[in-house]
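Within every chain, numbering begins at 1; the chains are lettered A, B, ... in the order of the sequence lines, protein sequences first and strands thereafter.
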Protein chains: 2
Amino acid sequence: MPIKEAVRPGGRSARVQEAVHQAVRELQAVTPRDELTVPRIAERAGVTPSTIYRRWGNLSELVADVSLERMRPDDDPVDTGTLAGDLQAWGEQYLEEMTSVPGQRALNDVMASADGGRRERCYRYGESLMGTLRERALVRGEGAPSVARLIDGIIAPMTYRLLYDPEAATTDNLQRWIAGTLTNEE
Amino acid sequence: MPIKEAVRPGGRSARVQEAVHQAVRELQAVTPRDELTVPRIAERAGVTPSTIYRRWGNLSELVADVSLERMRPDDDPVDTGTLAGDLQAWGEQYLEEMTSVPGQRALNDVMASADGGRRERCYRYGESLMGTLRERALVRGEGAPSVARLIDGIIAPMTYRLLYDPEAATTDNLQRWIAGTLTNEE
DNA sequence: GCTCATAAAGCAAATATTTTGCGTTTGTAT
DNA sequence: ATACAAACGCAAAATATTTGCTTTATGAGC
């Protein structure tokens with residue numbers, strides 16, 4: 001039971017993976033959720049179902065895999081000149097992406113997967129992003145809270161609202177979270 | 001397609017629901033996750049599989065249903081005399097429960113369910129709890145942040161860590177979250 | 001209390017899915 | 001070049017899910 005990633009990159013494996021991912025994306029775009037099934041994906045990808053089962057285990061893991069890619073930050077965060085600005089700029093685009101219908105679905109797909117490694121990777125994205133922005137601030141001579149504080153003060157409420165109360169995942173609130181986190185001593 | 005709850009309480013429906021829930025709990029305790037299947041649950045509950053499918057739709061929804069019950073706060077929060085104390089006391093027991101193996105599983109089961117209503121209910125639990133503790137504090141003459149601030153400052157990081165970085169879901173951190181939230185101006 | 005209407009459950013046949021064993025292809029390393 | 005192992009394809013077997021129809025239990029109105 002493999003369920004791993006990017007084995008033998010460049011070869012047939014990679015081609016199959018791409019074809020399958022592609023098929024999932026295409027089907028997601030045009031079919032209601034409960035018609036997204038492994039056999040259908042396999043057919044569209046020109047692959048046999050057993051390949052998918054052996055490689056991903058089940059539908060949840062597969063769509064989680066696809067959705068995780070969608071969530072990977074592609075370009076690095078803009079530099080606005082201040083830490084508060086950088087956080088706001090990044091946060092706004094992230095919120096926009098994640099409150100959209102496909103964004104919410106991606107979030108849910110990842111949460112639905114059994115493999116905890118996927119969530120840990122989301123965590124690492126956020127952690128390293130906060131690290132980057134913090135470094136920038138320090139270089140500029142600004143003070144900056146620890147990465148842990150940034151995560152707890154900004155990423156956590158953002159994520160929490162996205163998952164449990166999307167109505168409140170707004171840029172206004174983002175501003176409050178940032179302000180509250182940065183004005184706190186140390 | 002019903003998938004609703006507590007129809008005709010007290011009747012046969014209720015008995016079946018209880019039998020099925022019970023069967024899920026029992027099987028969860030003794031079988032690896034991938035052997036928890038609808039037909040097996042049905043057999044144990046003395047019910048036919050189609051009943052489960054018609055009522056819950058699929059396995060995920062059923063186990064989410066069972067897990068949500070497990071997460072319902074049963075007794076109301078102890079009164080320690082201060083808001084900080086109340087928050088710490090409640091938080092500690094909640095963290096303990098949710099970092100346990102069955103607690104983590106319950107959390108994941110709920111996150112895995114498609115029905116958003118379930119998550120909203122979790123949110124409401126937290127919201128009403130914070131409301132209660134805040135009222136208490138105000139009655140005592142203590143100042144207290146708004147419910148939204150309490151949620152963003154305490155519940156959000158707690159939940160975020162439980163989901164994404166359980167190592168950091170500790171009582172030490174809880175204390176920091178509480179302190180940070182309460183010392184912040186208004 | 002009795003009857004009726006209805007919602008939910010049982011049953012079993014029809015479908016759909018997932019799993020598995022085995023042979024073949026394909027990429028990698030020697 | 002050849003050998004090796006990982007991944008895939010195929011098809012049969014095993015499971016799980018859906019569906020149409022029947023039966024049973026419950027609550028409402030009489």
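Remark: P of dA8(C) and CH2 of Trp56(B) are 12 Å apart, rounded to the nearest angstrom. Going from atom CD of Glu61(A) over to atom P of dT18(C) covers 13 Å, rounded to whole Å. Atom CZ in Arg15(A) sits about 11 Å away from atom C1' in dT25(C), given to the nearest Å. Rounded to whole Å, atom C1' of dC8(D) lies 18 Å from atom CD of Glu43(A). Regarding Leu59(B), its CG atom lies at a distance of 13 Å from the P atom of dT18(C), rounded to whole Å.
Between the Glu61(B) side chain and the Ser113(B) main chain, no donor and acceptor come within less than 3.5 Å of each other.
In this structure, Asn58(A) and Thr51(B) both approach DNA chain C, and ranking their closest nucleotides by distance from the 5' end singles out Thr51(B).
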Protein and nucleotides 18-22 of chain D: nitrogen or oxygen contacts under 3.5 angstrom:
residue, atom, partner, partner atom, Å
dG20(D), O6, Arg54(B), NH2, 2.4

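Screening Arg118(A), Arg33(A), Arg25(A) against Asp109(A) for a salt bridge (charged side-chain N to carboxylate O under 4.0 Å, His left out) leaves a single residue, Arg33(A).
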Parsed dot-bracket for DNA chain C after applying the Watson-Crick and G-U rules with both distances under 3.5 Å and | for other-strand partners is ||||||||||||||||||||||||||||||
Verdict with supporting geometry, Arg70(A) and Glu97(A), salt bridge (Lys or Arg N to Asp or Glu O under 4.0 Å): CA-CA 10 Å; Arg70(A) 201 185 176 293; Glu97(A) 186 160 343; 3.7 Å; yes
Discussion item. Between Asp86(A) and Arg140(A), is the salt bridge (Lys or Arg N to Asp or Glu O under 4.0 Å) condition met? List the steps.
Written reply: CA-CA 13 Å; Asp86(A) 287 1; Arg140(A) 282 190 204 111; 3.1 Å; yes
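Nearest heavy atom pair, residue Ile41(A) against residue Ala23(A), reads O-CB, 3.8 Å.
Applying the 4.0 Å criterion to OP1 and OP2 of dT6(C), one finds that Arg12(B) has every side-chain N and O outside that range.
In this structure, Gln104(B) and Pro166(B) have side chains that are in contact, with non-hydrogen atoms separated by less than 4.5 Å. Looking at Glu127(B) and Asp165(A), their side chains never come closer than 4.5 Å, going by heavy atoms from C-beta outward. Considering only heavy atoms from C-beta on, Thr37(A) stays 4.5 Å or farther from Leu59(A) through its side chain.
Arg176(A) and Asn173(A) are linked by a side-chain donor-acceptor pair at a separation below 3.5 angstrom, with hydrogens and angles left out of the test. Between Tyr164(A) and Arg124(B), the side chains place no donor N or O within less than 3.5 Å of an acceptor N or O (distance only, hydrogens not considered). Looking at Arg44(B) and Gln22(B), their side chains never bring a donor and an acceptor atom within 3.5 Å of each other.
Within a heavy-atom distance below 4.0 Å of DNA chain C, no residue of residues 23-41 of chain B is found.
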